[in-house]
Amino acid sequence: MKIRARMAATGEAYNAARRALDRDHLPPHLPLFDDTTLPEGERLVVDGLRALAAEGEPLAVRMAEPDPEVVEARVQAEEKGVRPQWQRRASVEAAVDGYVLRETPYGPNRSGYTATNRGPRVPVPVRAADGTVTVVAMPEWARLHDGRWIWAHTGWPVDAPGAIVDPPQEFAPAPGLRWQVAVWLDLGHNEGKVMGEDHGGSTSGWQTVGWCSTRDDARLIARAPPPRPARARPPRTGPRSPSPPGTSARATRRTHR
């Protein structure tokens, strides 16, 4: 086992050796999930999630009854004949086959966190390219992105964690500009801070840099070095590997409205 071999070679503790081997695809601000002291029932949940990830199976995502304030806000919006514009967020609980989400109006910017209480942590299994599964301790918040629930702090799909979700669908501003260049702005790596617990404001997300007429031009811009660490990626043509932390750029073909 690679972890044991590293421990023997370096004298590192288990978590330090495991983190060193996983640093290529795991955000550094997310600690490993410690299941050594969990009650048996909770440990079975972690084992179930780990087994599904090892098999490459998607994790189930189920919605619980939403927060009453969410229901009230929807009713008021419907009565006024308007469509709610706020971002939909949910608190997440782990289950043996996936996650249960409870929609709430607050999200990661709610009050109540202290220096010693950073809020619940949820076990999230991440499968590396070699099949190794690492379970990280994720802050409890998810948000709805293009019809899919994603982890607010990493941009990973809740049902398939490990890779940043694709940019949202947008229409091209003109018929000749068919290629969109989007950049993932990762706000969760500000000196190791976790969004919403150490500071308020927006969560990480995609931002459009520009539009191009050719794929080559879009790729050239996506691969250009930004002012801070980045990873440039061409359009996806096959299975994606977990995305390392940092800012990512992607060229994506779009249709003119």
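For clarity, every value in this text was computed on a predicted model and none was experimentally measured. Position 1 is the first residue of the sequence, and the numbers go up from there.
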CZ of R43 to OG1 of T37, rounded to nearest 0.5 Å, is 9.0 Å
Can you tell me if T154 uses its side chain to pair, donor with acceptor, with the backbone of W156 under 3.5 Å?
yes
Closest heavy-atom pair, P168 versus Q180, reported as atoms and distance to 0.1 Å, is O-OE1, 4.4 Å
Output for pair (T214 OG1, L220 CG), nearest 0.5 Å, gives 9.0 Å
A side-chain contact here means heavy atoms from C-beta on lying under 4.5 Å apart; do W211 and V181 qualify? no
Exercise. May I ask you to test the T104-W141 pair for a side-chain heavy-atom distance under 4.5 Å?
Key: yes
_Ring centres under 6.0 Å, that's the criterion: do W206 and W184 meet it?_
yes
On a heavy-atom basis, the closest approach of P125 and V133 is CB-CG1, 3.9 Å
same_hphob_cluster(L52, L44) at 4.5 Å side-chain heavy-atom cutoff: no
Could you walk me through whether C212 and I221 pass side-chain contact (heavy atoms from CB on, under 4.5 Å), step by step?
-> CA-CA 9 Å; C212 299; I221 295 175; 3.5 Å; yes
Do R50 and D35 sit within salt-bridge range, that is, some charged N less than 4.0 Å from a carboxylate O? yes
| Can you check whether W151 reaches H145 side chain to side chain, under 4.5 Å on heavy atoms? | no
Q) Does E140 pair with R121 as a salt bridge, N-O distance under 4.0 Å? A) no
Looking only at heavy atoms, the pair that brings L101 and A142 closest together is CD2-CB, 4.3 Å
Taking every heavy atom of D34 against every heavy atom of T36, the minimum-distance pair comes out as OD1-OG1, 2.6 Å
Practice task
Verify the distance criterion only: is there a donor paired with an acceptor across the side chains of D130 and T132 at less than 3.5 Å?
Solution key: yes
Tightest non-hydrogen contact, residues A94 and Y99, listed as CA-CD2, 3.7 Å
message: As a quick check of understanding, evaluate salt bridge (charged side-chain N to carboxylate O under 4.0 Å, His left out) for R88 and E103, giving each step before the final call.
response: CA-CA 7 Å; R88 294 177 62 183; E103 195 169 347; 2.9 Å; yes
Side chain R89, main chain R143, donor-acceptor under 3.5 Å
no
Requested in this report: Evaluate side-chain contact (heavy atoms from CB on, under 4.5 Å) for D159 paired with R148, printing each intermediate quantity in order.
Outcome: CA-CA 9 Å; D159 62 330; R148 191 178 191 184; 3.1 Å; yes
Correct closest heavy-atom pair for W179 and S213 would be CD1-O, 4.1 Å
Should L59 and V96 be regarded as members of a common hydrophobic cluster, given that ILVMFWY residues are connected when their side-chain heavy atoms come within less than 4.5 Å of each other, either directly or indirectly? no
* If two hydrophobic side chains count as joined below 4.5 Å and joins carry through other members, does V124 share a cluster with V100? -> no
Q) Is D97 paired with R62 through a side-chain N to carboxylate O contact shorter than 4.0 Å? A) yes
Rounding to 0.5 Å, atoms CG (D166) and CD1 (I150) come to a distance of 11.0 Å
For L144 and W149: C-alpha separation, side-chain torsions, deciding distance, then whether side-chain contact (heavy atoms from CB on, under 4.5 Å) applies. CA-CA 4 Å; L144 194 63; W149 287 99; 3.6 Å; yes
dist R178:CZ -> R215:CZ (nearest 0.5 Å) comes out at 13.5 Å
